[in-house]
There are 2 protein chains.
Amino acid sequence: MYKIGELAKACDINNDTLRFYEKNALLCPSTRSESGYRLYTEKDKETLQFILRAKGVGFTLAEIRELLSIEVNKADSACADVKTLVDSKLNDVETKLAELIRFQTSLKRLSNACCGGAESAEHCTILEALESDTNDVRHEHKLNDKES
Amino acid sequence: MYKIGELAKACDINNDTLRFYEKNALLCPSTRSESGYRLYTEKDKETLQFILRAKGVGFTLAEIRELLSIEVNKADSACADVKTLVDSKLNDVETKLAELIRFQTSLKRLSNACCGGAESAEHCTILEALESDTNDVRHEHKLNDKES
DNA sequence: CTTGACCTGTGACTTAGGTCGAAGGTTTAT
DNA sequence: ATAAACCTTCGACCTAAGTCACAGGTCAAG
Ligand SMILES: [Zn+2]
Ligand SMILES: [Zn+2]
Ligand SMILES: [Zn+2]
Ligand SMILES: [Zn+2]
């Protein structure tokens, strides 16, 4: 059982953020102590970590709430509903994934095209590499322009 | 050459967003007409599409500005600087990618575990599937609890 | 010659996701 | 018994990324 400050510290967030998540129905502590202290279980902590990961991946709190609500309301919902929601989120994730891979490819191409040396990057064609979906680019520095 | 309204419409954003991007050094129209109208080239449009894609993938405008500034300042920067920035962004992208793949895996597992039928989803263990990094889960609906 | 699209500048407002402080009160640890 | 951590409510404030509107003015097309 974690008290609010303990959980917050463990997950590197603010106490107020935990209260905020509670008010916004994202994470309620499983119990309270006799004196009213919030007490979070290990499972609560995992849920929090799930929330933080989901956020990191670009889900809004509303979307995360939706995902979490499946768990809460599952007795009241049909498998069909659950699957529909999950498949829709899966779809979102896969769309993002495709974009990210496109970025990764572009950035890799760019990194490969750039020699990383101390010379002027004038020949580095970032946007070309970032925007084109086509072939590789590689720049060359002339060794001695002056003496041509 | 696109006028502001044309580009905005073509990319399904607000005119004011384009002015906002201009004020925030993300996208300046290549030229102006004699009368002062913003005129965007095809290349400007591509840059805009890059911005929109980058945003969609979770980059902040500040990060996008950094990426774009490479192009603008490349004569003034060394390949080493360019490569450092690019590799750092690449790193960010790969971190996100890893998280997203984790999500994809979880959601897929969940989707597979759920029969999608009209029955109560009581046996659907979302969080288990979402949080565990372990094995597959599959639920079974008893055919007739009453008559047991 | 009027209408709609554009220009400028200014400032208010919005949503999401917090963060902080104050006021006033309890609990827990040392 | 005192300090640190917790509780509550309440409201102010913050950033990011816009959006909207107003005022006063120019421009282009039918
Ligand atoms: Zn280079
Ligand atoms: Zn180089
Ligand atoms: Zn199910
Ligand atoms: Zn089922």
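We name chains A, B, ... by the order of the sequence lines, and we start the count at 1 in each one.
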Is a salt bridge present between A/Arg32 and A/Glu22, judged by a nitrogen-to-oxygen distance below 4.0 Å? yes

Identify whether any heavy atom of B/Asn24 sits under 4.0 Å from a base atom; if not, whether one sits that close to sugar-phosphate; answer base, sugar-phosphate or nothing. nothing

How long is the line joining CD of B/Glu66 and C1' of D/dA16, in whole Å? 16 Å

Between C/dG18, C/dC6, D/dC6, which nucleotide gets closest to the side-chain atoms of A/Thr17? C/dG18

When all nucleic acid strands are considered with a 4.0 Å heavy-atom cut-off, which category describes A/Asn14: base, sugar-phosphate, or nothing? sugar-phosphate

Nearest listed nucleotide, side chain of B/Leu61, among C/dT8, D/dG18, D/dC20: D/dG18

Given atom CZ of B/Phe59 and atom P of D/dA17, what is their separation to the nearest angstrom? 13 Å

Can you tell which of D/dT8, C/dT8, C/dG18 lies closest to the side chain of A/Arg32? D/dT8

Between C1' of C/dG17 and CD of A/Glu63, the distance in whole Å: 14 Å

Side-chain atoms of B/Lys55 come closest, of D/dG18, D/dC20, C/dG17, to D/dG18

Could B/Lys9 and B/Tyr2 be counted as a cation-pi pair, given that NZ or CZ must be under 6.0 Å from the ring centre and within 45° of the axis? no

If I take atom OH in residue A/Tyr2 and atom C1' in nucleotide D/dC6, what distance separates them, rounded to the nearest angstrom? 19 Å

Between P on D/dG18 and CZ on B/Arg65, what's the gap in Å once rounded to a whole number? 11 Å

Does D/dT8 have its OP1 or OP2 closer than 4.0 Å to a side-chain nitrogen or oxygen of A/Arg38? yes

Look at B/Arg19 and C/dC7 and indicate whether a side-chain polar atom (N or O) is within less than 4.0 Å of OP1 or OP2. yes

Nucleotide C/dT26, atom C1' - distance to CD of A/Glu34 in whole Å: 14 Å

Do side-chain atoms of A/Ser111 reach the backbone of A/Lys108 as a donor and acceptor pair under 3.5 angstrom? no

When rounded to whole Å, the CG to P distance for the pair B/Leu39 and D/dC27 reads 14 Å

Check the phosphate of D/dA28 against B/Ser35, side-chain N and O only, distance under 4.0 Å to OP1 or OP2. Yes or no? yes

Proximity to the side chain of A/Phe20 - top-ranked nucleotide from D/dA17, C/dG17, D/dT8: C/dG17

Would you tell me whether A/Asp44 and A/Thr41 have side-chain atoms, one donor and one acceptor, within less than 3.5 Å of each other? yes

Test the A/Lys96-A/Phe59 pair against the cation-pi criterion, namely NZ or CZ under 6.0 angstrom from the six-membered ring centroid and within 45° of the ring axis. yes

What heavy-atom pair brings B/Leu61 and B/Phe20 nearest, and what distance separates the two atoms? CD1-CE2, 3.8 Å

Would you indicate which nucleotide in C/dG18, C/dT27, D/dA17 comes nearest to any side-chain atom of A/Tyr37? C/dT27

Do any side-chain nitrogens or oxygens of A/Asn15 fall under 4.0 Å of OP1 or OP2 in D/dA5? no

Nearest-Å distance, CD1 (A/Ile4) to P (D/dA4)? 19 Å

A/Ser33 or A/Ile13, whichever maps to the more 5' nucleotide of DNA chain C: A/Ile13

Let me spell it out: for each of B/Glu22 and A/Tyr21, pick the nucleotide of DNA chain C with the closest heavy atom. Which residue's pick is nearer the 5' end? B/Glu22

